[in-house]
Amino acid sequence: MQLIKKKCVLYQKNNNYFSFNPIGEEKLDSLAIEMPVALVYNGISHSVMMCTPQDLEEFAIGFSLTEGIINDPKQIYGIDIEETCNGIEVQIELSTRQFVALKEHRRNLVGRTGCGICGVEQLQQVQRQYAKTESTFTLDPSLIDNCLAQLEQHQLLAKETGATHAAAFFTPQGELLALREDVGRHVALDKLLGWYATHQRPQGFVFVSSRASYEMVQKCLACGIEMLVAISAPTALAVEMAEQHHFTLFGFARKGRVTQYTGN
């Protein structure tokens, strides 16, 4: 279940500009579910994210890839989804090599104080380096309108609730291959990248219904994606990171227009 129904009262302006009156009786409204999801690696809890409880196996794979916990989905031997009294636990069985590396990483973080990104080690973790992308195709800007229409059509949760983001994967010709939704834009992208990594990594680009922060670019780079299109603006750090890695970045994708910031 990804949404629930709750009673509410709609208020709307009447003929008096300064007055709002309830319209009709109480009605049922659709609300997106947001609940804690714990990612547990070999019995040790690593992270708790607020998520929409769907496509959680893909989320576990995508998160593990984008966080550098694994390099290949084959390094995950099994995933079990378990409901708890407070949320959901995703039990992930890692290969021994990757689990040892994860424990070593966690050990290096113990005892640090401050804001969380102070110090050389932390800054290197924030701005990790990836292989420069190879441009295998160029995007015809005239495809954007059709992509936007498909994005809107297939955002079923957003239509019902108005509370979720989407991340979609398109072929260079503008064919929609997959779309994932979540209350969190980063989680929606992780879910999509989990799909991508387990479906032979097709050629194409990611389209998100949000802004393009550096994390969104970084997640794409971690999975070998070469292009990101965002409905809203990119940040300066996102553009800088894209330039450094020869990554193609578009922003402000709206009907009849799109802005290219980096790439050929």
Side-chain angles (χ1 to χ4, degrees), residues 2 32-42 45-82 87-95 98-99 101-102 105 125-126 128 130-131 133 151 154-155 157 164-170 176-230 238 241 245 247:
Q2 298 96 42
I33 293 179
E34 182 179 26
M35 65 190 306
V37 174
L39 299 174
V40 181
Y41 292 91
N42 292 20
S45 181
H46 177 73
S47 179
V48 178
M49 310 286 285
M50 299 303 294
C51 305
T52 303
Q54 63 181 23
D55 306 311
L56 293 181
E57 288 194 15
E58 291 177 338
F59 171 53
I61 294 170
F63 178 88
S64 299
L65 285 166
T66 60
E67 291 298 310
I69 297 170
I70 62 172
N71 303 309
D72 189 295
K74 293 179 181 178
Q75 292 168 334
I76 292 178
Y77 294 158
I79 299 175
D80 292 317
I81 311 295
E82 300 179 2
I88 293 177
E89 285 188 356
V90 182
Q91 299 283 347
I92 305 161
E93 184 183 356
L94 274 184
S95 70
Q98 300 310 121
F99 184 57
L102 177 59
H105 172 73
Q125 289 161 9
V126 169
R128 289 174 290 187
Y130 300 95
T133 57
L151 192 69
H154 290 88
Q155 287 185 72
L157 271 179
T164 57
H165 282 293
F169 192 88
F170 289 89
L176 176 64
L177 295 186
L179 183 145
R180 297 294 182 266
E181 292 182 277
D182 199 274
V183 290
R185 58 194 177 93
H186 299 96
V187 178
L189 181 55
D190 276 336
K191 289 177 177 179
L192 180 73
L193 294 175
W195 166 88
Y196 172 79
T198 55
H199 284 75
Q200 300 181 334
R201 300 177 183 266
Q203 185 187 51
F205 61 96
V206 170
F207 202 134
V208 294
S209 65
S210 64
R211 65 188 176 93
S213 59
Y214 86 91
E215 305 104 312
M216 307 295 271
V217 172
Q218 184 169 270
K219 286 178 181 293
C220 289
L221 287 168
C223 292
I225 301 290
E226 63 181 270
M227 183 182 296
L228 174 65
V229 180
M241 182 175 291
H245 294 86
F247 182 83

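Here the structure is a predicted model, which is why all the values come from computation and not from measurement. Note that these values count all heavy atoms, side chains included, but never hydrogens, waters or copies made by symmetry.
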I need the Leu189 CG to His165 NE2 distance, nearest 0.5 Å.
11.5 Å
Within the 4.5 Å heavy-atom criterion, are Leu179 and Gln155 side-chain neighbours or not?
yes
CZ of Arg185 to CG of Asp190: how many Å apart, nearest 0.5 Å?
11.5 Å
Output the distance between atom CE (Met227) and atom SG (Cys220), rounded to the nearest 0.5 Å.
11.0 Å
What's the shortest heavy-atom distance between Ala212 and Ala238, and which atoms?
O-CB, 3.2 Å
Only distances under 3.5 Å count here; give the side-chain donor-acceptor pairs of residues 191-198 to other protein atoms, sequence neighbours excluded, each with its distance to 0.1 Å.
from   : atom 1 : to     : atom 2 : distance (Å)
Lys191 : NZ     : Thr52  : O      : 2.9
Lys191 : NZ     : Gln54  : O      : 2.8
Lys191 : NZ     : Glu181 : O      : 3.4
Lys191 : NZ     : Asp182 : OD2    : 2.6
Trp195 : NE1    : His199 : ND1    : 3.4
Thr198 : OG1    : Gly194 : O      : 2.9
Thr198 : OG1    : Trp195 : O      : 3.1

Do Lys219 and Val206 make a side-chain contact, defined as non-hydrogen atoms from C-beta onward lying under 4.5 Å apart?
no
Can you sort out the partners of His245 under ring pair (Phe, Tyr, Trp, His ring centres under 6.0 Å), two or more places apart, ordered by chain and number?
none
So do Arg180 and Phe169 actually touch side chain to side chain, heavy atoms under 4.5 Å?
no
Would you say the side chain of Val183 lies within less than 4.5 Å of the side chain of Met50, judging by non-hydrogen atoms?
no
What heavy-atom pair brings Met49 and Phe59 nearest, and what distance separates the two atoms?
CG-CZ, 3.9 Å
Closest contact, heavy atoms only, Ser64 versus Ala60:
OG-O, 2.6 Å
Check whether any side-chain heavy atom of Ile69 lies under 4.5 Å from a side-chain heavy atom of Phe63, and answer yes or no.
yes
How long is the span from the NE2 atom in His186 to the OG1 atom in Thr66, to the nearest 0.5 Å?
10.0 Å
Pairwise side-chain hydrogen bond (donor to acceptor under 3.5 Å, both in side chains) hits with a residue in residues 70-80, at least two apart:
Gln75-Gln98
Could you give the distance from CD1 (Ile92) to CG (Leu39), rounded to the nearest 0.5 Å?
5.0 Å
In short, Met35 meets Gly87 closest at the heavy-atom pair CE-CA, 3.8 Å
For the residue pair Leu94 and Asn42, what are the closest heavy atoms and their distance?
N-OD1, 2.6 Å
Here the gap from Glu215 atom CD to Met241 atom CE, rounded to the nearest 0.5 Å, amounts to 8.5 Å
Restricting to non-hydrogen atoms, name the atom on Val40 and the atom on Ser45 that form the minimum distance, rounded to 0.1 Å.
CG1-N, 3.9 Å
